[in-house]
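Nothing here was measured: the structure is a model prediction, and the numbers come from that model.
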Amino acid sequence: MDEIIWNIRSVNTQQAFERLVTMHRQHHFDFVGLMEPMQDNKKLELYRRKIGLSQAFLNISNKVWAFVDDLYEVTVLYDMEQQITLKMIHTETHIVQIITLVYAKCDAIERIELWDSLYAMAANMDIPWLVGGDFNVIWDEEEKFGGLPVTLNEEVYTPSGMEEQKKIAFSRDLTDVWLTLNFNKCSLE
């Protein structure tokens, strides 16, 4: 499966949507996950048509959008304020996978519900599971580019607190995969 998960921070900012469409034409994504589209949920169908994928989903807070190719039968397993979890079955190969898209709250206390739900899902997960998005936390200060200095609420490994213990327990079985593209410097042609 070819996919992109992007905190697009408004599909209308800095030609972000045009970049997405260009990348989709080039890479033929089966799955597109967008965080912070900053558009009315009534425009989801319009963006689905422009991308050219046959299925569209959004979470209840409208902070996470997902677009999926028609080669997949999709079931929404969880639709929560900070995440949406989809079970996807490839209609030809019958390969099953779970994708969770996250747009976490900025406040550590408000993220507890998200971490609780992910931790509970992880306990019973026995098929491939991709978790991606914006967790509004960082592993260390070196991940931070610009903006205000790092605060304890942003760091995963703070000295105490149940939330951080759950993050550590949950994250120990995940593989951290990062791909950072500077769209101002890379060619999309």
Side-chain angles (χ1 to χ4, degrees), residues 1-13 15-106 110-137 170 174-175 177-179 181:
M1 170 185 262
D2 292 323
E3 64 256 336
I4 184 170
I5 298 174
W6 185 7
N7 186 342
I8 198 163
R9 293 193 181 128
S10 179
V11 290
N12 286 329
T13 303
Q15 298 83 32
F17 190 74
E18 290 80 11
R19 289 179 183 158
L20 174 64
V21 171
T22 300
M23 286 188 291
H24 177 56
R25 284 187 194 131
Q26 185 177 22
H27 300 286
H28 309 287
F29 299 121
D30 297 324
F31 180 89
V32 174
L34 301 177
M35 275 51 66
E36 288 191 287
M38 296 183 186
Q39 292 292 307
D40 188 287
N41 61 4
K42 294 175 185 166
K43 293 188 177 181
L44 180 71
E45 184 61 20
L46 170 70
Y47 285 102
R48 183 203 60 78
R49 285 194 311 270
K50 286 182 178 181
I51 292 172
L53 292 174
S54 62
Q55 303 175 72
F57 304 89
L58 57 92
N59 77 324
I60 59 173
S61 67
N62 194 38
K63 298 278 189 179
V64 179
W65 288 5
F67 302 94
V68 185
D69 190 275
D70 61 358
L71 285 173
Y72 294 87
E73 179 183 311
V74 180
T75 304
V76 176
L77 298 180
Y78 298 97
D79 180 3
M80 302 173 76
E81 188 174 10
Q82 298 180 74
Q83 60 113 323
I84 188 167
T85 298
L86 307 172
K87 179 179 182 180
M88 300 176 48
I89 303 171
H90 194 281
T91 57
E92 294 171 359
T93 64
H94 306 289
I95 294 173
V96 179
Q97 63 185 349
I98 305 293
I99 296 182
T100 298
L101 297 176
V102 172
Y103 182 71
K105 298 279 189 176
C106 293
E110 292 181 298
R111 285 193 300 267
I112 291 172
E113 178 185 349
L114 169 67
W115 288 110
D116 285 346
S117 67
L118 293 175
Y119 189 68
M121 282 191 282
N124 299 313
M125 193 60 62
D126 60 355
I127 58 177
W129 182 27
L130 174 66
V131 181
D134 186 346
F135 289 83
N136 277 310
V137 294
F170 172 69
L174 294 179
T175 301
V177 179
W178 288 97
L179 173 60
L181 297 175

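Once rounded to the nearest 0.5 Å, the distance linking CD of E113 with CD of Q82 reads 6.0 Å. Between Q15 atom CD and T22 atom OG1 the span is 10.5 Å, to the nearest 0.5 Å. Remark: M38 CE to K43 NZ distance equals 14.0 Å, nearest 0.5 Å. Rounding to the nearest 0.5 angstrom, the gap separating the CG atom in D69 from the NE2 atom in H28 is 11.5 Å.
Heavy-atom neighbours of E110 CD from other residues, nucleotides or ligands within 6.0 Å: above the threshold of 12.
Applying the side-chain contact (heavy atoms from CB on, under 4.5 Å) criterion to T85, with sequence neighbours excluded, gives L77, Y78, Q83, I98, T100, M121. Listed by chain and number, the residues in a side chain to side chain donor-acceptor pair (under 3.5 Å) with D134 are N7 (sequence neighbours excluded). Applying the side-chain contact (heavy atoms from CB on, under 4.5 Å) test to R49 and every residue at least two apart in sequence or in another chain returns E45, L46. Applying the salt bridge (charged side-chain N to carboxylate O under 4.0 Å, His left out) test to E81 and every residue at least two apart in sequence or in another chain returns K105. Remark: Y103 engages E36 in a side chain to side chain donor-acceptor pair (under 3.5 Å) (not counting sequence neighbours). With sequence neighbours left out, the ring pair (Phe, Tyr, Trp, His ring centres under 6.0 Å) criterion links Y72 to H90. With sequence neighbours excluded, the residues that form a side-chain contact (heavy atoms from CB on, under 4.5 Å) with D2 are F29. Under the rule for a side chain to side chain donor-acceptor pair (under 3.5 Å), T75 has no partner lying at least two apart in sequence or in another chain. Every side-chain contact (heavy atoms from CB on, under 4.5 Å) that V96 has, sequence neighbours left out, goes to K87, I89, I127. Listed by chain and number, the residues in a side chain to side chain donor-acceptor pair (under 3.5 Å) with E92 amount to none (sequence neighbours excluded).
The ring-ring contact (aromatic ring centres under 6.0 Å, His included) contacts involving residues 30-60 comprise F17-Y47, Y47-W65, where partners must be two or more places apart or lie in separate chains.
For the side chain to side chain contact (heavy atoms under 4.5 Å, CB included) test with N62, the passing option among D40, L44, N41 is N41; the others fail.
Contact of the W6 side chain with the V32 side chain is not registered, since no non-hydrogen atoms from C-beta on lie closer than 4.5 Å. Contact of the L34 side chain with the Q39 side chain is not registered, since no non-hydrogen atoms from C-beta on lie closer than 4.5 Å. The side-chain heavy atoms of I99 and V68, taken from C-beta on, include no pair separated by under 4.5 Å.
A donor-acceptor pair under 3.5 Å is absent between the side-chain atoms of N59 and the main chain of I84, judged by distance alone.
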